[in-house]
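Accompanying notes for the structure given below.
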Amino acid sequence: MDYVEWAAPALLQRHVQCMWRLRAVETGLAAQTIYPDGRCELIVHLGPPMQRFSLVDGWHAQSTCLFAAQMLSGIRLAADPRVDCIGVRLQPAAGAMIGGERLPDMTDQVIDLQQIDTEFARALFATVAGFAVSGDARSIWQLLLQRIGATPPDALVERAVRDIDAVEGTAVISALAKRCGVSLRTLQQRFRRSVGVEAVEKLLLQRISAASASQ
């Protein structure tokens, strides 16, 4: 597989971690388990959509343009030999800027972006398709600035995320709330609203990410 990342411009770095592109360079690709890293993603399939396995539906094709909400466990994906997809990995505190108030209820779901915002989904597909041809990402960054860039993420949640990441998932949540100067309940509520999972679940995701990276 050919995988490339692009850093977000300065105006979007509080909202977007990076943009990436994944393309197949071989045939007969095996299914893989992708482990969560505590971030939501926007993904556009320019080629055949990847297949995802679930206990309810078995193997099934994903949407052309989708929003991957928070995952609490690994997901099984299988790519077509012609796979070509471009994704935008959001910062943890920016997930709700796409998922809205429903984000906490979207856990472990991969949702057709048109069900969330039809106009944005169409615009995202068009700009991503244009980038695939031109190599100029400015239209993508501009679209994201218009859609999410005007609203800053919750600074309290951003600080909590930084603390969790800094200790690789070994922090105690009550101590984290104290350092942030809020009650444990307030931290959990604001964290869940912005990130889609509670702070203690982000700790778990951090441990999973660290373990998978070391393998």
Side-chain angles (χ1 to χ4, degrees), residues 1-26 29 32 34-50 52 61-71 75 77 79-100 103 106 109-155 157-158 161-162 165 194-196 209 213:
M1 301 293 282
D2 178 40
Y3 178 82
V4 183
E5 284 187 3
W6 295 269
L11 288 174
L12 273 172
Q13 287 177 1
R14 289 181 67 186
H15 304 78
V16 175
Q17 183 189 53
C18 69
M19 180 172 71
W20 53 264
R21 186 173 190 179
L22 178 69
R23 288 182 284 185
V25 294
E26 72 247 20
L29 298 174
Q32 296 185 7
I34 307 299
Y35 293 98
D37 66 354
R39 291 168 172 81
C40 301
E41 292 188 301
L42 295 163
I43 300 174
V44 173
H45 290 100
L46 299 172
M50 285 188 281
R52 181 189 176 195
Q62 298 187 105
S63 303
T64 298
C65 192
L66 59 84
F67 175 64
Q70 290 286 2
M71 300 291 165
I75 61 173
L77 293 175
D80 185 281
R82 298 163 293 166
V83 69
D84 184 0
C85 57
I86 293 176
V88 175
R89 185 172 297 125
L90 302 175
Q91 295 289 10
M97 295 181 181
I98 299 296
L103 182 65
M106 294 177 177
Q109 295 183 45
V110 177
I111 301 166
D112 187 336
L113 187 59
Q114 293 200 69
Q115 295 180 11
I116 299 173
D117 188 332
T118 301
E119 182 178 350
F120 175 60
R122 292 172 177 170
L124 181 64
F125 182 86
T127 54
V128 165
F131 165 73
V133 174
S134 69
D136 187 345
R138 285 178 295 180
S139 60
I140 297 177
W141 301 132
Q142 185 59 39
L143 177 65
L144 291 169
L145 276 170
Q146 293 172 356
R147 180 61 172 78
I148 63 176
T151 304
D154 186 327
V157 175
E158 288 181 307
V161 168
R162 287 195 299 269
D165 288 346
S194 293
V195 181
S209 180

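In this text, all values refer to a predicted model and were calculated from it rather than measured experimentally.
Note that CD of Gln62 is 11.0 Å distant from CG of Asp112, once rounded to the nearest 0.5 Å. The CE atom of Met50 lies 4.0 Å from the NE2 atom of His45; values are rounded to the nearest 0.5 Å. To the nearest 0.5 Å, atom CD of residue Gln70 and atom CD of residue Gln109 are 12.5 Å apart. From Ile98, atom CD1 reaches atom CZ of Arg147 across 4.5 Å, with rounding to the nearest 0.5 Å. With rounding to the nearest 0.5 angstrom, the CD atom of Gln142 is 9.0 Å from the CG atom of Leu12. Atom CZ of residue Arg23 and atom CG of residue Leu46 lie 9.5 Å apart, to the nearest 0.5 angstrom.
Of the possible donor and acceptor atoms, none in the side chain of Glu41 sits under 3.5 Å from a partner among the backbone N and O of Arg89. Arg39 places a side-chain N or O within donor-acceptor distance of the main-chain N or O of Asp37, the cut-off being under 3.5 Å. For His15 (side chain) and Thr151 (main-chain N/O), a donor-acceptor pair under 3.5 Å exists by modelled atom type.
With a 4.5 Å cut-off on side-chain heavy atoms, Ile86 and Trp6 do not count as touching. Between Phe120 and Ile148, every side-chain heavy-atom pair lies at or beyond the 4.5 Å cut-off. Looking only at side-chain heavy atoms (C-beta outward), Leu113 and Leu66 stay at 4.5 Å or farther from each other.
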Given the rule in the side chain to side chain contact (heavy atoms under 4.5 Å, CB included) test, do Phe131 and Ser139 qualify, once you have shown the distances and angles that lead to the verdict?
CA-CA 8 Å; Phe131 165 73; Ser139 60; 5.5 Å; no

Given Leu103 and Cys40, is the side chain to side chain contact (heavy atoms under 4.5 Å, CB included) satisfied, shown in steps?
CA-CA 10 Å; Leu103 182 65; Cys40 301; 4.0 Å; yes

Could you walk me through whether Trp141 and Thr127 pass the side chain to side chain contact (heavy atoms under 4.5 Å, CB included) test, one step at a time?
CA-CA 9 Å; Trp141 301 132; Thr127 54; over 6 Å; no

Met71 and Val110: CA distance, side-chain angles, deciding distance, side chain to side chain contact (heavy atoms under 4.5 Å, CB included) verdict
CA-CA 9 Å; Met71 300 291 165; Val110 177; 3.4 Å; yes

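Shown here is Gln32, whose CD atom has no more than 12 heavy atoms of other residues, nucleotides or ligands within 6.0 Å.
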